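Take a look at the structure set out below.
Proteins get letters first, then strands, A, B, ... in listed order; numbering begins at 1 in each. All values below come from the heavy atoms of this structure, side chains included, with hydrogens, waters and symmetry mates left out. Here the structure is a predicted model, which is why all the values come from computation and not from measurement.
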Number of protein chains: 2
Amino acid sequence: MLNQSLAAAPVRPHWGQPAPGDAEESPLLSRHPELVVTEFTYGRDKCIFGEGEIAEYVYQVMRGAVRSYRLLNDGRRQIGAFRLVRDVFGLESGSSHRLTAEAICETKVRMVKRRSLEAAAKSDVVVACQLWTMTANELRHAEDHMLLLGRKTAAQRVATFLLELDRRISVSGEVALPMTRCDIADYLGLTLETVSRTVTQFHEKGVLTLSGPRHIRLRDRARLAAMAA
Amino acid sequence: MLNQSLAAAPVRPHWGQPAPGDAEESPLLSRHPELVVTEFTYGRDKCIFGEGEIAEYVYQVMRGAVRSYRLLNDGRRQIGAFRLVRDVFGLESGSSHRLTAEAICETKVRMVKRRSLEAAAKSDVVVACQLWTMTANELRHAEDHMLLLGRKTAAQRVATFLLELDRRISVSGEVALPMTRCDIADYLGLTLETVSRTVTQFHEKGVLTLSGPRHIRLRDRARLAAMAA
DNA sequence: CGCGAATTTGATCGACATCAAGTACCGTGG
DNA sequence: CCACGGTACTTGATGTCGATCAAATTCGCG
């Protein structure tokens, strides 16, 4: 039968083991073979670095997912970014990390000594430019996210989030969420109940289908984009 | 009488004409005399550059104040930053501006061609590093502001804002606000009514005194700081 | 002084938070 | 393979903070 490929083939989630050669090359690391790269795997909810710690390494996610967040003294949490496969994080201009980074699920990272990167930047303008560009890309994301947190409604926030994840990690049209509703809520400045209700409403409206709470398939990206404002 | 200095001496606001030599030197501009610097003065509410425009110049506020913002399609506005005297803004890693910049009041800026800055950065690692550091400082502010917008209460937001302005522009203990309540609200993700009510409550609690709505004197910074976090 | 804009203040509303059960998922061990 | 248990998720009822609507009042400038 021709439709055997349509049968529920267990799609490997984006954050699982990458295919050989996947996410292997980063422009930053390939130019400078003298940079010592080490790898490490963190278990679920394990801290990679804490807010205020000296920034000794810069990281790249090889497998898994990471949340970067800050806490208010009463425990409220704001996740500033999710770091997904191929993302570089922990790059600081100052000497210390300004957000805590935690593995969301089992996560393998590559690490490069920050000092060695800086040394490479001093002798290679292209590397210096890449460091600047990476920070500028983070800034762009933060600017987008300020608009979301300051002015978007709950539905607009969730729609924006789903489109962001669709763009970044969808595999054959399906988004496999590595994070909980609580993580999503703390990223979007909402409560987990509001996130859950909003996803349910989107499902009822037919803009997405769910196969389990962590597997979302966007059915109408155009409508979702219109809702995201 | 000895108290003549206590009489309402008309304190020059921070954003007025700077004293001779004030804000004259920036590390970026002084190192490279070949950089051509021009000046321009924008009237109140005049646009300096729009979102999406090609980033031809980098700016420094010499006098006045600027708001950088983005709009949602329905007109809701999120101000990402206020640019005050000595602040550099409009520096982009990509080719175009990502936020609109408008003069809040009559504002004098210095402008440097972005291309000439980049040329200087290519030959001078220190300049390249400064560009990176400036972007990283913007990122730090954005990270702080995401926590505020996502998780702080109205009172915490206003307290944070007042302390930020106190640190940046207070003159002999008084903050002279160049911006309206509406600007403040759009910076803090609130409405102008909520900002007004909150300032009134702070006044009633005695943490600040007002001499006109645009002149605030912080009476109890410690309490305000406790409220901010 | 007088005018328009900015600000304050009051009354009411509503979106989202909070509190509280239920239900589904999923990894573990029998 | 299935039963079990804990966590994650959904759903419902109610509460509340800040938004919205609506006037005053004040400010600041010509």
Sugar-phosphate only, base, or nothing, as touched by B/Ser196 at under 4.0 Å among non-hydrogen atoms
base
Could you tell me how far apart A/His215 (NE2) and D/dA8 (P) are, to the nearest whole angstrom?
16 Å
Write down the distance between CG (A/Asp74) and P (C/dT18), rounded to a whole number of angstrom.
10 Å
For the residue pair B/Glu92 and A/Leu139, establish whether any side-chain heavy-atom pair is separated by less than 4.5 Å.
no
Closest to the B/Glu193 side chain, choosing from C/dC16, D/dA22, C/dA20:
D/dA22
Picking from D/dT11, D/dG18, C/dT7, the nucleotide nearest the side-chain atoms of B/Arg181 would be C/dT7
Would you say the rings of B/Tyr59 and B/Phe49 are close, in the sense that their centroids are separated by under 6.0 Å?
yes
A/Thr194 side-chain N/O to C/dA17 phosphate OP1/OP2 under 4.0 Å:
yes
Mind listing the closest non-hydrogen atom pair of A/Leu149 and A/Gln78 along with its distance?
CD1-NE2, 3.8 Å
Spacing between A/Phe202 atom CZ and D/dT10 atom C1', to the nearest angstrom:
16 Å
For the side-chain contact (heavy atoms from CB on, under 4.5 Å) test, which of A/Ile169, A/Leu163, A/Leu208 pairs with A/Val175?
A/Ile169
Could you state the atom-to-atom distance from CZ of A/Arg214 to C1' of C/dA24 in whole Å?
13 Å
Would you mind telling me which of C/dA17, D/dG18, D/dT7 lies closest to the side-chain atoms of A/Arg44?
D/dT7
Could you tell me the separation between the CG atom of B/Asp45 and the C1' atom of C/dA5, rounded to a whole number of Å?
12 Å
Closest-nucleotide ordering on DNA chain C, the 5'-leading residue of A/Ala155 and A/Pro213
A/Ala155
Contact class for A/Thr191 vs. all strands (heavy atom < 4.0 Å): base, sugar-phosphate, or nothing?
base
Spacing of B/Leu192 atom CG relative to C/dG10 atom C1', expressed in whole Å
15 Å
Classify the side chain of A/Arg197 and the base of D/dG12 as holding, or not holding, a donor-acceptor pair under 3.5 Å.
yes
To the nearest angstrom, the CD1-P distance between A/Ile104 and D/dA8 comes to 13 Å
Rounded to the nearest 0.5 Å, what separation is found between the OG1 atom of B/Thr107 and the CE atom of B/Met62?
12.0 Å
Whole-Å distance separating the CG atom of B/Leu210 from the C1' atom of C/dT7
11 Å
Hey, which sits more toward the 5' end of DNA chain D by its nearest nucleotide, A/Val195 or A/Arg151?
A/Val195
Side chain of A/Leu190 - closest among D/dG18, C/dA6, C/dC16:
C/dC16
